[in-house]
Amino acid sequence: MRGGTQQNRDLDAVLALHRKANDTAASAHNIEAIRLLRKALRLIDAKAAPDAAWVAARIRVLISLALATSEVGSTAKGFRGLRRAQAHLEQLPEGRSKQELQAVISGQRALLLFRVGRLAESLALFNAIIPTLEGLQSEDGLLLARTMTNRAQIHAEMGNVDAAARDFDRAIALAAEHGLARIEGKARHGLGDLAQLAGDIPGALHHYEEAARILESAAPGWLARVRLDQARALLVAGLAREAARHLDEALPDLRRNRVIQDLAEAKVARAAAALLEGDYDLARHLAVLARRRFLRRGNKPWAEVAALARLRADATEVLESGATPPPRLPSSLLRVSDRLAELGLRDETAAARLLAVRLLVRRGALDAAAEQLAKVPKPRRTSPVDHKMLLRLCRAELAVAAGRPRSALAQARAGLTELGSARDRMGGLDLLCGTAVHGQELGALAVGRVLAGARGQQGARRLLAWQERTRAQVYRYEPLPAIDDPVLARYLTEMRHVQRTVQQHRLAGKPVAALESRYAWLQREASRLGWYTSRWGRPRPVCSPEEVAQRLGERTLVSLVGHADSLAAVVVRDGRFSLVRLGSLSEVVETARQLHADLHALAPDQLPAALSAAVSASARRRAALLDERLIHPLAGLIGDTELVIVPTGSLHALPWPALPSLRGRPLSVAPSATVWVAAARAGRPEPVVLVGGPGVPGAVGEVRQLRAVYPSARLVDGEAATSETVLSALEGSGVAHLVAHGAHEPGNALFSRLDLVDGPLFAHEAARLSNPPERVVLAACELAMSHIRPGEEALGFAGALLASGSRTVVGAVARVGDSAAAQAMTDLHHSLAAGLSPAVALAEATAVDPLRRPFLCLGAG
């Protein structure tokens with residue numbers, strides 16, 4: 001009797017070790033799980049009695065050990081372990097226990113088949129065992145829920161979206177019924193994969209975030225896998241930097257837990273991010289490392305995907321350089337494509353062949369390119385948007401090389417329409433902006449072709465139409481009402497507090513590293529939430545050239561076109577379109593950069609007279625040079641009319657009023673003509689809000705003085721100038737004058753900020769005002785600066801306001817002295833209050849001293 005009791009205790013100890021090992025493995029801590037399982041096996045070897053309970057325990061331990069060892073090493077070991085378990089199964093009598101264990105062995109074998117890419121075999125096994133599990137009706141529901149989740153992943157991998165969704169939903173229902181938080185987290189993770197497959201990136205990010213919140217406590221080791229898939233979604237949205245950051249967070253955990261498959265997949269994704277950022281060496285290095293790991297695991301499909309990532313880096317580098325590709329490169333890509341086709345990887349097969357086509361076109365082998373292009377499988381509904389754009393680009397490049405420019409432009413038009421459809425489904429400004437990267441080359445090809453062949457008025461009109469199709473698409477959305485997200489609001493509030501505390505600690509000489517780390521974490525989390533809390537807006541159509549011409553009235557539009565190293569301008573005046581070629585783009589950009597540096601140096605109020613004279617002379621010289629290159633060639637077309645300027649690239653930050661020909665001339669700077677048309681509507685002049693932030697010295701900080709101009713204005717300054725009060729005051733205002741220190745964040749423009757009494761007010765918050773101010777004046781910092789993303793998507797504090805619906809933002813594109821800023825603002829507001837338009841009022845205000853008053857009127861003046 002006592003012996004039997006001891007044996008029961010020993011068996012309980014084995015089963016406890018097994019449960020603990022399974023929990024550990026479920027959190028991706030497989031090394032620890034293996035240690036526990038081996039300990040359980042030693043206990044079985046030492047204590048086992050010759051009865052069914054002990055045999056069943058040995059089988060369970062062997063099954064779990066097989067899976068854990070396959071995760072950290074070779075899947076061949078995993079299959080061998082399952083065969084050992086199967087052999088012991090024969091010792092059990094027929095019955096429920098044997099049926100259940102057989103199902104578990106088959107399920108784990110199916111999982112291993114999935115991990116090495118043998119999807120059809122894996123699915124067949126899952127299909128066979130699920131009816132058995134349903135018939136067994138176990139009390140805890142775990143085995144069935146887990147198996148449904150695993151089968152759903154196979155369906156998702158095979159593109160069976162509806163079947164996958166049904167399985168995930170059933171798994172979530174089982175998890176809710178039996179309190180299986182870990183299963184729910186993993187199933188929601190799977191729903192994220194499905195949404196990503198369907199091109200619903202905001203939906204995918206939403207599911208991933210939900211999964212992360214559940215798994216953070218239920219299976220923390222799984223979070224790295226969620227981060228990996230979040231990064232893949234961000235890559236689809238073109239956000240390479242953000243994807244790289246997610247992966248850099250996940251890689252150490254995957255490496256520490258030795259989750260070899262996921263680690264290698266993360267390296268492939270990181271290689272893709274490096275490629276988007278132009279770091280070809282890093283992309284190659286990571287792809288090679290990943291391929292070795294896949295080969296060691298015996299995962300041939302993923303090894304070929306990694307091989308494609310390596311060749312993609314080589315091909316992209318050659319194409320970017322303009323050099324003639326070596327013949328081995330297209331041949332290598334075609335061989336990889338054939339191997340991928342044999343493995344049933346359709347999208348990857350197409351991508352490899354399309355890259356080869358581009359290289360063959362570049363080599364002049366047009367017949368071979370056409371032959372290979374004909375073999376490319378058609379994209380599916382679930383094919384990634386970047387693959388669809390690559391197909392359009394190949395067709396367009398081949399058409400150009402074959403002398404069929406109309407066909408090339410038709411491909412570009414169709415591709416940009418497809419990209420627009422993908423963009424329409426994005427949430428948040430970041431995702432909208434990022435998507436443009438996938439159409440960058442296609443748009444550049446189209447604009448380059450049209451520019452090269454443009455003649456006469458019709459050519460200029462056509463070029464303007466293509467410009468409007470390809471740039472600043474993010475600004476053509478009519479913002480939808482924001483959905484309040486309490487978590488996002490909490491993060492932004494804490495960011496404000498942390499930022500304020502950092503400043504106080506710095507002044508007190510205290511360490512700030514931990515606070516800065518917390519701030520960075522909060523910014524990342526807030527960004528993640530901002531991607532999916534709601535769709536950004538309703539798309540407006542791109543304006544036709546005729547609509548632009550009609551809306552201009554007596555104004556003149558100057559739309560700059562940069563292509564390769566050439567700069568040109570389309571001028572629209574009195575319904576006529578003209579094209580003027582302006583010379584070297586790089587020379588203009590370099591001179592503009594030098595002028596910008598001069599204005600920065602000239603800003604301080606108390607600059608020594610000799611230094612001021614020297615810097616002013618330099619600035620005037622450079623401004624005159626830019627005037628000669630940019631404005632003189634247009635003089636006969638633009639006359640002395642009010643201008644609407646649509647810049648290109650870094651020329652968005654050019655202080656146009658500093659150019660001698662433009663001194664005192666009313667002008668507006670807009671991201672696109674479509675944006676200007678949308679903003680050029682009658683505005684409301686009231687109510688007026690005057691905001692004074694803390695620590696702004698001198699007269700510029702005295703916003704109370706503007707009460708003399710606007711007696712009924714609402715004043716928010718001193719201790720009252722908190723972010724909540726300021727946001728409330730801005731809501732529905734006609735004119736908002738904001739004086740505060742701030743900073744432009746080029747790496748994450750939505751976190752550009754104004755410093756208020758309780759910490760920063762972020763562009764992120766201002767951009768989600770339901771009724772933003774009509775006219776905004778940013779008086780004391782560089783918040784008219786923008787970070788220019790692919791597709792001429794200019795984003796910053798001022799850009800966020802324009803995108804959210806403000807008509808006009810007046811701000812400085814260079815540093816401004818306190819005295820100069822105060823005088824300029826006083827002059828500006830006197831003119832505005834007298835009824836002048838913002839463009840006219842600002843022209844008069846800056847004409848006094850344009851080098852020290854580098855303010856621009858953005859949007860519609």
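Values below: all heavy atoms of this structure, side chains included; hydrogens, waters and symmetry mates excluded.
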Ile105 vs Leu89, test: side-chain contact (heavy atoms from CB on, under 4.5 Å). Steps then yes/no. CA-CA 10 Å; Ile105 292 172; Leu89 189 67; 4.1 Å; yes
Kindly determine whether Glu134 and Arg170 satisfy salt bridge (charged side-chain N to carboxylate O under 4.0 Å, His left out), including the steps that lead there. CA-CA 12 Å; Glu134 289 171 330; Arg170 189 169 175 203; 2.5 Å; yes
For Glu216 and Arg213: C-alpha separation, side-chain torsions, deciding distance, then whether salt bridge (charged side-chain N to carboxylate O under 4.0 Å, His left out) applies. CA-CA 5 Å; Glu216 192 169 21; Arg213 287 182 195 175; over 6 Å; no
Electrostatic pair Arg60:Glu100 at N-O distance under 4.0 angstrom: yes
Side chains of Leu123 and Met158: does their closest heavy-atom pair fall under 4.5 Å? yes
Under the salt bridge (charged side-chain N to carboxylate O under 4.0 Å, His left out) rule, what do Asp314 and Arg310 come out as? Steps first, then yes or no, please. CA-CA 7 Å; Asp314 291 345; Arg310 164 78 166 80; 2.5 Å; yes
Give the intermediate values and the outcome of side-chain contact (heavy atoms from CB on, under 4.5 Å) for residues Leu142 and Leu174. CA-CA 8 Å; Leu142 175 62; Leu174 286 166; over 6 Å; no
Nearest heavy-atom pair of Ala171 and Ala187: which atoms, and what distance? CB-CB, 4.3 Å
Side chains of Leu215 and Lys186, heavy atoms from C-beta outward: is any pair under 4.5 Å? yes
With sequence neighbours left out, the residues meeting ring-ring contact (aromatic ring centres under 6.0 Å, His included) with Phe294 are Trp302
Any non-hydrogen side-chain atom of Arg292 less than 4.5 Å from a side-chain atom of Val288? yes
Out of curiosity, Ile59 CD1 to Ser97 OG, how far, rounded to the nearest 0.5 Å? 7.5 Å
From CD (Glu342) to CZ (Arg339), nearest 0.5 Å: 8.5 Å
Supply the atom-to-atom distance His285 NE2 to Asp279 CG, rounded to the nearest 0.5 angstrom. 11.0 Å
What pair of heavy atoms forms the shortest contact from Ala272 to Leu235, and how long is it? CB-CD1, 3.9 Å
Counting heavy atoms not belonging to Arg84, are there more than 12 under 6.0 Å from its CZ? no
Side chain to side chain donor-acceptor pair (under 3.5 Å) evaluation trace for Gln196 with Arg232: CA-CA 9 Å; Gln196 186 176 166; Arg232 286 169 168 150; over 6 Å; no
Check the surroundings of atom NZ in Lys39: do more than 12 heavy atoms from other residues, nucleotides or ligands lie under 6.0 Å from it? no
Which pairs with one or both residues in residues 42-57 pass side-chain hydrogen bond (donor to acceptor under 3.5 Å, both in side chains), sequence neighbours excluded? Asp45-Arg58
Give a yes-or-no answer on whether the side chains of Asn127 and Arg151 include a donor-acceptor pair shorter than 3.5 Å. yes
For Arg96 and Leu136: C-alpha separation, side-chain torsions, deciding distance, then whether side-chain contact (heavy atoms from CB on, under 4.5 Å) applies. CA-CA 7 Å; Arg96 180 188 177 91; Leu136 289 172; 3.7 Å; yes
To the closest 0.5 Å, what do you measure between CZ (Arg256) and CG (Leu263)? 11.5 Å
Between Arg353 and Asp338, is any pair of side-chain heavy atoms under 4.5 Å apart? yes
Within the structure provided, determine whether Glu121 and Arg109 are in side-chain contact (heavy-atom separation under 4.5 Å). no
Stepwise, does the side chain to side chain donor-acceptor pair (under 3.5 Å) test hold for Glu209 with Gln230? CA-CA 9 Å; Glu209 208 56 45; Gln230 281 178 318; 2.9 Å; yes
Are any side-chain N or O atoms of Thr24 and backbone N or O atoms of His29, one a donor and one an acceptor, separated by less than 3.5 Å? no
So, for Ala269 and Leu228, which heavy atoms are closest and what is the spacing to 0.1 Å? CB-CD1, 4.1 Å
Measuring from atom CG of Asp193 to atom CG of Asp229, what distance do you get when rounded to the nearest 0.5 angstrom? 4.5 Å
Side chain to side chain donor-acceptor pair (under 3.5 Å) for Arg9 and Gln6? Distances and angles first, verdict last. CA-CA 5 Å; Arg9 283 200 292 270; Gln6 182 58 46; 2.8 Å; yes
Minimum heavy-atom separation for Ala152 and Ala164, please, with both atom names. O-CB, 3.4 Å
Does Ala156 offer a backbone N or O that forms a donor-acceptor pair with the side chain of Asn160 under 3.5 Å? no
In plain terms, say whether Arg188 and Glu184 are close enough for a salt bridge, that is, a side-chain N and a carboxylate O under 4.0 Å apart. yes
Would you call Pro93 and Lys98 a side-chain contact if the rule is heavy atoms closer than 4.5 Å? no
Just how far is it from atom OG of Ser70 to atom CZ of Arg115, taken to the nearest 0.5 Å? 8.0 Å
Answer yes or no: is there a side-chain heavy-atom contact under 4.5 Å between His88 and Leu62? yes
Testing the basics here: between Leu43 and Ala13, what is the closest heavy-atom pair and its distance to 0.1 Å? CD2-CB, 3.9 Å
Kindly indicate, with the supporting measurements, whether the criterion side chain to side chain donor-acceptor pair (under 3.5 Å) is fulfilled by Gln153 and Thr149. CA-CA 6 Å; Gln153 289 175 333; Thr149 306; over 6 Å; no
For the pair Asp253 and Arg227, find out whether any cationic side-chain nitrogen is under 4.0 Å from an anionic carboxylate oxygen. no
Shortest non-hydrogen contact from Leu11 toward Ala53: CD2-CB, 3.7 Å
Is there side-chain contact between Leu67 and Leu112, with heavy atoms separated by less than 4.5 Å? yes
Between Glu242 and Arg245, is a salt bridge (charged side-chain N to carboxylate O under 4.0 Å, His left out) present by the stated rule, with each step listed? CA-CA 5 Å; Glu242 290 78 0; Arg245 199 162 54 213; 5.0 Å; no
Ignoring hydrogens and angles, tell me if any N or O in the side chain of Thr69 forms a donor-acceptor pair with the backbone of Ala66 under 3.5 Å. yes
Run the side-chain contact (heavy atoms from CB on, under 4.5 Å) test on Leu144 and Met148 for me, step by step, so that the C-alpha distance in whole Å, both residues' side-chain angles and the decisive distance to 0.1 Å come before the verdict. CA-CA 6 Å; Leu144 180 58; Met148 297 303 300; 4.1 Å; yes
Ion pair present between Glu157 and Arg118, side-chain N to carboxylate O less than 4.0 angstrom? no
